[in-house]
Each structure stands twice: as structure tokens, then as C-alpha cells.
**Q** 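Below: one structure in C-alpha cells.
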Amino acid sequence: MKEVELDCYGEACPVPLVKAQNKLKEMEVGDVLIVQIDHSCAMKNVPEWARKEGHNVEVEEIDDGEWEVIIEKMK
Amino acid sequence: MGIKDNKYYKEWFKGAWPYLTGAILLSLFQIVTLVTTGNPWGVSGVLANWGAWIFEAVGGNVDKWYYFSSEGAQRTLEGGLLNHGGSIRNIGIIVGALLAVLLASGFKIKKIKSMKQVVAAVIGGLLMGYGARIGFGCNIGALYSGIASFSLSGWVFGLFLFLGAIVGSKMLVKYFM
């Protein structure tokens with residue numbers, strides 16, 4: 001089980017979502033992807049997509065206007 | 001208990017409001033705009049005036065430009081920023097958006113990541129600005145206010161907005177990521 005950080009700071013929608021989708025495809029079940037974002041609309045669409053796909057998702061506020069979306073690949 | 005943990009603070013200021021709430025509020029406010037000013041809500045047309053004022057401030061002259069040739073347009077330009085309702089409204093949008101992120105303590109100055117991002121932003125901005133003027137409106141003036149006024153043009157604008165968005169997204173993924 002490995003943990004991968006995906007730096008999406010400074011990137012606007014839909015770039016963080018597309019990057020997260022591509023990255024997660026390369027990963028194994030049980031791996032954890034941490035998407036780092038500072039664009040508030042990515043805080044909505046990245047967790048929404050991951051939950052719909054059936055993965056475990058948690059959002060953490062790191063700093064003012066910075067979040068980490070933690071996705072555990074479930075399938 | 002700190003204000004950060006207050007239930008109403010979280011609900012009203014911190015978290016995003018549902019899309020439906022936003023849609024209803026926008027609709028109500030654009031009705032207020034139409035009733036009080038006699039004109040439907042628009043955003044990008046105002047930016048053309050801002051551009052003209054900046055151009056005049058550095059010594060340019062737009063008197064002969066077709067776009068600004070009507071009497072109304074000339075009067076607006078002569079009246080200046082503070083006498084232009086649309087400008088005040090756009091300033092209000094900017095100040096309001098800033099206030100909203102500050103209240104949610106979400107303010108951050110974002111880094112520019114790469115030259116590609118700059119190029120994409122400049123090309124995108126120019127295309128949007130040009131398109132909005134040549135199409136007599138942006139997604140607010142032409143789409144939103146168009147549809148709200150029962151105008152077929154709003155729906156046509158919307159259809160091609162979708163087609164453009166599909167092409168734009170494909171290009172974004174292919175060339176700018």
C-alpha cells in the first residue's frame with residue numbers, strides 16, 4: 001500500500017479533477033491518493049467524483065484556502 | 001466555543017451554499033436589476049467600458065470606434081466610472097466575492113505554476129472577451145438575461161456555449177495539462 005501526493009496548487013477547474021482521475025487509474029486498490037488543491041470548486045468536484053466511484057474520501061483543511069482531498073482507492 | 005465551530009458560521013459562511021440556493025438568489029437579484037435599471041443584467045459589456053477608460057487614461061481615443069459610436073455609449077463614457085451603474089455592480093461583485101472568501105478564511109494568493117498556464121489564461125481571456133463583444137454578451141448578458149427575457153437567442157447561445165466548452169475542454173487536456 002503506497003501513498004501518493006498530487007500537487008494541484010495553483011490549478012483551476014477542471015485540471016485538478018482530470019489529474020486526480022488519471023493518477024488514480026495508475027494506482028492499486030488500497031493505495032491512497034492525496035490531492036492538494038487551493039481552488040474551492042475542486043473541493044466540490046474532486047470528492048464528489050471519488051465518492052460516486054465508490055472510494056473512501058476525506059477532506060482536510062490545511063491552511064487558509066488550501067485543502068487535501070484524501071482518496072483511498074477501493075476498487 | 002470558538003466561532004470556527006459554530007454551526008451557523010459553518011453553514012452560512014464556511015461551507016458552499018447549494019447550487020439551488022444560488023440559482024434562486026441570482027434569479028431574484030437579476031429581476032431587481034431589470035426592474036430598477038430598466039436593463040437586463042450584464043457583466044462583460046461593462047469591461048469594454050473599463051477598457052475604453054483605461055485606453056483614454058493613457059492618451060487613447062475611442063470616439064471614432066464603431067462600438068462606442070452611439071450617443072448612449074458616448075454619454076456613458078463621458079459620465080465616468082462612478083456614474084455607471086453596471087460598473088458599480090461589477091465592483092460590487094468583486095468586493096462581495098472577496099468578502100465571502102475572507103469570511104470563510106479561504107483567502108490565498110495563488111502561485112503561477114508554469115508558462116503554459118499564463119499562455120492558456122491569455123488566449124482564453126482574449127477569446128472570451130472578443131467572443132462576448134462580437135456575440136453581444138457573455139454567459140450573463142446573452143445567455144442568462146437572454147433566456148430570462150424569453151429570447152430565443154439565449155437558447156442558441158447556450159447550445160453553442162456547450163459545444164465550445166466541449167472543444168475547449170479537449171484542448172485544455174491535450175495542450176495545457
Side-chain angles (χ1 to χ4, degrees), chain A residues 2-28 31-73, chain B residues 2-6 9-23 94 96-125 127-128 139 161-162 164-177:
Chain A
K2 60 177 185 175
E3 218 179 77
V4 180
E5 281 188 356
L6 186 63
D7 175 7
C8 290
Y9 290 135
E11 269 165 333
C13 287
V15 177
L17 178 64
V18 179
K19 280 195 169 169
Q21 286 173 334
N22 290 342
K23 195 84 207 165
L24 204 70
K25 244 183 250 160
E26 302 165 6
M27 295 168 62
E28 309 280 331
D31 289 355
V32 174
L33 176 66
I34 301 172
V35 192
Q36 301 164 321
I37 50 172
D38 60 5
H39 193 240
S40 59
C41 97
M43 206 188 36
K44 222 171 163 139
N45 64 24
V46 175
E48 226 171 63
W49 151 77
R51 286 197 182 106
K52 218 162 45 191
E53 292 284 304
H55 306 300
N56 280 340
V57 182
E58 248 177 81
V59 181
E60 248 179 77
E61 191 174 359
I62 302 301
D63 201 347
D64 284 2
E66 275 179 26
W67 300 273
E68 280 183 357
V69 183
I70 303 153
I71 305 168
E72 187 191 354
K73 185 162 175 167
Chain B
I3 190 159
K4 267 191 155 52
D5 303 312
N6 183 292
Y9 170 74
K10 280 186 178 167
E11 214 168 276
W12 283 74
F13 296 111
K14 189 78 192 167
W17 290 8
Y19 288 130
L20 185 66
T21 311
I94 295 167
L98 175 67
L99 190 68
V101 275
L102 286 177
L103 284 171
S105 65
F107 184 80
K108 188 196 168 192
I109 293 177
K110 286 162 190 143
K111 277 193 269 287
I112 293 172
K113 229 177 178 178
S114 65
M115 208 46 211
K116 256 188 180 178
Q117 230 180 16
V118 178
V119 173
V122 170
I123 295 175
L127 283 175
M128 277 199 290
N139 53 349
L161 201 64
F162 263 107
I166 292 170
V167 175
S169 314
K170 297 249 186 257
M171 281 173 64
L172 177 82
V173 172
K174 196 161 178 206
Y175 299 109
F176 293 104
M177 268 185 62

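Computed over heavy atoms, backbone and side chain alike; hydrogens, waters and symmetry mates excluded. Each chain gets a letter, A, B and so on, in the order its sequence line appears, and its residues count up from 1.
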**Q** Less than 4.5 Å apart, any side-chain heavy atom of L102(B) and any of F107(B)?
**A**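 Of all side-chain heavy-atom pairs linking F107(B) with L102(B), at least one is under 4.5 Å.
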
**Q** Which bit of E11(A) is near chain B, if near means a heavy-atom gap under 4.5 Å: side chain, backbone, both or neither?
**A**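 When you check distances to chain B, atoms from both the backbone and side chain of E11(A) fall under 4.5 Å.
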
**Q** Work out which heavy atom in P47(A) is nearest to a heavy atom in V59(A); give both atom names and the distance.
**A**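 Scanning both residues completely, I find the closest heavy atoms to be CG-CG2, 3.8 Å.
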
**Q** So, do K14(B) and S105(B) sit near enough that their side-chain heavy atoms are less than 4.5 Å apart?
**A**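 The answer is yes, as the side chains (C-beta and beyond) meet within the 4.5 Å cut-off.
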
**Q** For residues S169(B) and V18(A), determine if any side-chain heavy atom of one lies less than 4.5 Å from a side-chain heavy atom of the other.
**A**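 A side-chain contact is absent here, since even the closest heavy-atom pair is not under 4.5 Å.
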
**Q** Within residues 21-28 of chain A, which positions have a heavy-atom distance to chain B below 4.5 Å?
**A**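 No residue falls under the 4.5 Å cut-off.
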
**Q** Under a 4.5 Å heavy-atom cut-off, does chain B meet the side chain of K44(A), its backbone, both or neither?
**A**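 The side chain, not the backbone.
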
**Q** Could you grab the distance from atom CD1 of I94(B) to atom CG of L99(B), nearest 0.5 Å is fine?
**A**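 It comes to 13.5 Å.
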
**Q** May I ask you to list the residues in residues 111-120 of chain B that approach chain A closer than 4.5 angstrom, counting heavy atoms only, ordered by number?
**A**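 Hits under 4.5 Å: K111(B), K113(B), Q117(B).
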
**Q** Who wins among D38(A), D63(A), V15(A) for the most heavy-atom pairs under 4.5 Å with chain B?
**A**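 Among the listed options, the one with the most contacts to chain B is D38(A).
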
**Q** Between C8(A) and chain B, which part of the residue has a heavy atom less than 4.5 Å away: side chain, backbone, both or neither?
**A**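 Contact with chain B: backbone only.
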
**Q** Applying salt bridge (Lys or Arg N to Asp or Glu O under 4.0 Å) as the test, list every pair that has at least one member in residues 167-177 of chain B; sequence neighbours left out.
**A**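 Those involving residues 167-177 of chain B do not exist here.
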
**Q** Going by the rule side-chain hydrogen bond (donor to acceptor under 3.5 Å, both in side chains), which residues pair with E48(A) if we only count those two or more places apart in sequence or in a different chain?
**A**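 Counting only residues at least two positions away or on another chain, E48(A) forms no side-chain hydrogen bond (donor to acceptor under 3.5 Å, both in side chains).
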
**Q** Answer yes or no: does atom CD of E61(A) have more than 12 heavy-atom neighbours from other residues, nucleotides or ligands under 6.0 Å?
**A**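 More than 12 within 6.0 Å, yes.
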
**Q** Answer yes or no: is there a donor N or O on one side and an acceptor on the other, between the side chain of H55(A) and the main chain of A50(A), under 3.5 Å?
**A**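 Side chain of H55(A) to backbone of A50(A), a donor-acceptor pair under 3.5 Å: no, none is there.
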
**Q** Nearest 0.5 Å please: distance from the CD atom of Q36(A) over to the CD1 atom of I62(A).
**A**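 Reported value, rounded in 0.5 Å steps: 8.0 Å.
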
**Q** Need one label for D7(A): side chain, backbone, both or neither, based on atoms under 4.5 Å from any heavy atom in chain B.
**A**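 D7(A) touches chain B through backbone and side-chain heavy atoms alike.
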
**Q** Evaluate the criterion side chain to side chain contact (heavy atoms under 4.5 Å, CB included) for residue pair K108(B) and D64(A); output intermediate values, then yes/no.
**A** CA-CA 6 Å; K108(B) 188 196 168 192; D64(A) 284 2; 5.7 Å; no

**Q** Decide side chain to side chain contact (heavy atoms under 4.5 Å, CB included) for N6(B) and F13(B); before the verdict, give the C-alpha distance in whole Å, the side-chain angles of both, and the deciding distance to 0.1 Å.
**A** CA-CA 10 Å; N6(B) 183 292; F13(B) 296 111; over 6 Å; no

